[in-house]
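Just so we're on the same page: letters track the sequence lines, and every chain starts at 1.
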Protein chains: 2
Amino acid sequence: MSKLKVLIVEDEPVIAENVSLYLDNNDFEVSGIAYDSHEAIEQLNANTPDAVILDINLDSEKDGIDIATYINAAYQIPFLFLTSYSDKATLDRAKEVKPGGYIVKPFNERTLLASLQIAISNHAAEQKGSMPPISMDKINRHLLSPLTQREFEIIGFICEGHTNTQIAEKVFVSVNTVKTHLKNIYLKLDVSTRLALLKKLRELMIR
Amino acid sequence: MSKLKVLIVEDEPVIAENVSLYLDNNDFEVSGIAYDSHEAIEQLNANTPDAVILDINLDSEKDGIDIATYINAAYQIPFLFLTSYSDKATLDRAKEVKPGGYIVKPFNERTLLASLQIAISNHAAEQKGSMPPISMDKINRHLLSPLTQREFEIIGFICEGHTNTQIAEKVFVSVNTVKTHLKNIYLKLDVSTRLALLKKLRELMIR
DNA sequence: CAGAAATTCACCCCCTCGGGTGATGCGGAT
DNA sequence: ATCCGCATCACCCGAGGGGGTGAATTTCTG
C-alpha cells in the first residue's frame with residue numbers, strides 16, 4: 001500500500017519544513033508545500049493529495065478557511081487547520097467548513113500525527129454511504145453556467161482579493177477591460193459589488 | 001533579589017500565554033502582555049520591564065521591529081524577537097535594531113529560557129562603560145525640539161500607521177487640521193511625505 | 001497690550017479605486 | 001450577410017487618501 005499524500009499549505013517556511021519533516025518521518029508522503037493561496041489551489045488541482053494541512057493565516061487575500069471551502073466544493077478530502085488563532089470570529093468561520101481538526105501552534109510531532117490520523121480515519125468513516133464526489137467542472141457548469149472562461153478567470157483573482165489594476169496586469173489587459181468583465185459578471189450573478197459577488201460565490205459553493 | 005520583569009508583546013493569545021507560563025515557571029515575573037503595538041508602548045512606559053519578548057508580526061500598523069526601535073531610543077533594555085518569519089527583508093530590518101536574539105516558532109520552554117537568559121546577560125555586559133541612559137523626554141527636547149505637543153501627538157499616530165482621517169477622529173479635530181499639523185511637521189523636519197518622516201524619525205531615534 | 005506661536009479649518013490639486021455607460025472589433029451560428 | 005456572444009477599451013463619476021496654500025482663532029509671552 002502506497003503512502004498517503006499530504007499537501008502542506010503554510011506561508012511560514014520554518015513551520016512548513018517542520019511539518020514536512022514530521023510527515024516524512026512517519027510514513028506520509030508530502031505531495032507539496034504551498035506558501036500562499038495561489039499555490040495551494042494549483043497544487044490541489046495538479047496533484048490532488050489525500051489530505052491537507054492548512055494554515056489559517058496565509059496571504060491577506062485568501063486564508064486557509066477559503067481554501068477549505070474550495071476543498072469541500074471541488075474535492076472531498078480531509079483537512080486540518082494549523083493555527084495560532086483563537087480569535088472568535090475566525091474560529092466560527094473555521095467551524096463552518098467542517099475541518100478534520102485543529103493543530104495549535106506551537107505543536108509537536110506527536111500532536112501533528114495524532115491529529116492527522118484521526119482526521120483521515122474520521123473522514124473515511126463519514127464518506128461511507130454519503131454523496132458522490134462533485135467535480136469543480138460540474139459546479140461551474142451548473143451554477144456558474146452563464147460565465148465565460150475569461151470571466152471565470154477574473155473571478156479567480158477577485159476571490160484572491162486582487163484589485164482591478166492587479167488583475168489587469170496579470171491578465172495583460174487594460175483595467176477598463178477588467179471592469180467590463182466585472183460588470184458582466186455582476187449582471188449574470190445579480191450582484192453589484194465585489195463583496196456581494198464573493199458572498200454569492202460562497203453560497204453557491206457550499207451547496 | 002527580586003525577579004526580573006519581562007514584557008510579552010505577542011498578538012496571538014495562545015502563544016502569549018504559553019510564553020507567560022514558561023516564564024512563570026522559571027523565576028521570571030511577567031510584567032504584562034501586550035496584544036498590539038499600542039499596548040506595547042503603553043506598558044513599556046507604565047511599567048518598564050527588565051526585558052521584552054517581541055513578536056515581529058503584530059498589527060499591520062507597527063510591528064515588533066518598530067517597537068524595538070522605540071525601546072532602543074527610550075529605554076536600554078534587552079529584547080528578543082519571537083518569530084516564524086524567515087523573510088529576508090524583515091530579517092535585515094530586525095538585524096539593524098540589534099536584538100538580543102531570536103526565538104523561532106515553534107519553540108519549547110528550554111529554548112525560550114536559554115535565549116532570554118543569554119540576551120539579558122549579554123546586554124548587561126554591553127552596558128558596562130557605555131553611554132548613559134537617555135530618557136524619551138530628552139530625545140524629544142533635543143532632536144525634535146521644534147515640535148509642538150500636538151505635533152508630537154500626531155507623529156505618534158503616524159508611527160502607528162493611522163491615516164489622516166483616523167487621526168482626526170482620535171484627536172477630535174478636522175482632517176484638514178491634521179493635514180496642517182503634518183505640513184508643519186514636514187517643514188520642521190525637512191521632509192515631505194509620511195514615509196520620509198518615518199525614515200527621519202528612525203534615524204533620529206537610533207542616535 | 002502687542003507680537004509670536006500654536007491650533008484650528010476651508011479649499012484646491014492629484015492620485016487610486018470601484019463602479020457605470022457606451023463603443024469597437026472579432027468570430028461563430030443562422 | 002446578419003446577428004449574437006465575447007473580449008477589448010475609452011470615458012465619466014464619486015469616494016477617499018495624501019499633500020499644499022492661505023487664513024482665522026486662541027494662547028502664550030515679552
Side-chain angles (χ1 to χ4, degrees), chain A residues 59-62 66 137 140-202, chain B residues 37 59-62 66 137 139-202:
Chain A
D59 30 318
S60 54
E61 308 163 357
K62 205 169 182 177
D66 297 317
D137 294 72
N140 300 347
R141 299 268 181 280
H142 287 169
L143 297 173
L144 306 178
S145 50
L147 291 183
T148 300
Q149 274 315 95
R150 203 54 155 178
E151 287 167 355
F152 195 73
E153 194 180 354
I154 302 285
I155 282 190
F157 290 114
I158 293 286
C159 289
E160 289 166 4
H162 291 99
T163 68
N164 294 343
T165 308
Q166 287 171 335
I167 298 174
E169 283 166 1
K170 285 179 189 283
V171 187
F172 298 107
V173 146
S174 149
V175 189
N176 308 298
T177 306
V178 175
K179 289 181 177 181
T180 302
H181 285 312
L182 255 286
K183 179 203 58 176
N184 292 328
I185 292 171
Y186 291 165
L187 266 179
K188 292 176 181 175
L189 295 188
D190 190 33
V191 292
S192 62
T193 71
R194 359 186 19 105
L195 285 180
L197 170 61
L198 288 172
K199 183 158 170 275
K200 193 90 176 192
L201 285 179
R202 203 154 279 156
Chain B
S37 51
D59 30 318
S60 55
E61 308 164 358
K62 205 167 182 176
D66 296 316
D137 294 73
I139 286 198
N140 300 347
R141 300 270 181 278
H142 287 169
L143 297 173
L144 307 178
S145 49
L147 290 184
T148 298
Q149 275 313 96
R150 204 53 156 176
E151 287 166 354
F152 197 72
E153 193 180 356
I154 303 284
I155 282 191
F157 290 115
I158 293 288
C159 287
E160 289 167 5
H162 291 98
T163 67
N164 293 342
T165 308
Q166 287 172 336
I167 298 173
E169 283 166 1
K170 286 177 189 284
V171 186
F172 298 106
V173 146
S174 146
V175 190
N176 307 300
T177 305
V178 175
K179 288 182 178 184
T180 300
H181 285 310
L182 254 287
K183 179 203 60 177
N184 292 329
I185 293 171
Y186 291 165
L187 266 180
K188 291 176 180 175
L189 295 188
D190 189 32
V191 292
S192 61
T193 71
R194 8 196 358 118
L195 284 182
L197 169 62
L198 288 173
K199 185 160 168 272
K200 193 90 175 190
L201 286 177
R202 203 155 279 154

Nearest 0.5 Å please: distance from the [atom1] atom of [X] over to the [atom2] atom of [Y].
| X | Y | atom1 | atom2 | result |
| --- | --- | --- | --- | --- |
| B:I154 | B:N184 | CD1 | CG | 10.5 Å |
| B:T193 | B:L182 | OG1 | CG | 10.0 Å |
| A:N164 | A:H181 | CG | NE2 | 11.5 Å |
| A:Y186 | A:E151 | OH | CD | 12.0 Å |
| B:I185 | B:K188 | CD1 | NZ | 8.0 Å |

Whole angstrom value for the distance that separates [atom2] of [N] from [atom1] of [X]:
| X | N | atom1 | atom2 | answer |
| --- | --- | --- | --- | --- |
| B:Q149 | C:dA6 | CD | P | 11 Å |
| B:N184 | C:dA4 | CG | C1' | 14 Å |
| B:F172 | C:dT8 | CZ | P | 12 Å |
| A:L187 | C:dG22 | CG | P | 13 Å |
| A:I185 | D:dA7 | CD1 | P | 10 Å |
| B:I167 | C:dT8 | CD1 | C1' | 16 Å |
| B:I154 | C:dC9 | CD1 | P | 11 Å |
| A:L197 | C:dG18 | CG | C1' | 13 Å |

Report summary line: Letter by letter from the 5' end, nucleotides 24-30 of chain C scores (B base, S sugar-phosphate only, - none; protein heavy atoms under 4.0 Å) -------
Report summary line: Protein heavy-atom contacts under 4.0 Å, written 5' to 3' over nucleotides 11-30 of chain D as B (base), S (sugar-phosphate only) or - (none), form the string B-----SBBSBB--------
Report task. Compare the minimum distances between each of C:dC9, D:dT8, D:dA10 and the side chain of A:S174, then state the nucleotide with the smallest one. Result -> D:dA10
**Report entry** Heavy-atom side-chain proximity of A:R150 to A:V171 below 4.5 angstrom
**Finding:**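 A:R150 vs A:V171: side chains touch.
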Report task. Kindly indicate whether the side chain of A:T148, heavy atoms from C-beta on, has any atom under 4.5 Å from the side chain of A:E153. Result -> no
Query raised in the report: Quick one: does B:T177's side chain have a donor or acceptor within less than 3.5 Å of a partner on B:V173's backbone?
Result: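 Such a contact is absent between B:T177 side chain and B:V173 backbone.
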Report task. Ignoring backbone atoms, test whether B:R150 places a side-chain nitrogen or oxygen under 4.0 Å from the OP1 or OP2 oxygen of C:dT8. Result ->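 For C:dT8, OP1 or OP2 has a side-chain N or O of B:R150 closer than 4.0 Å.
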Requested in this report: Look at the side-chain N and O atoms of A:T148 and state whether any lies under 4.0 Å from the OP1 or OP2 oxygen of D:dA7.
Outcome: yes
**Report entry** Test salt bridge (Lys or Arg N to Asp or Glu O under 4.0 Å) applied to B:E169 - qualifying residues, sequence neighbours left out
**Finding:**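 Result, salt bridge (Lys or Arg N to Asp or Glu O under 4.0 Å) vs B:E169: none returned.
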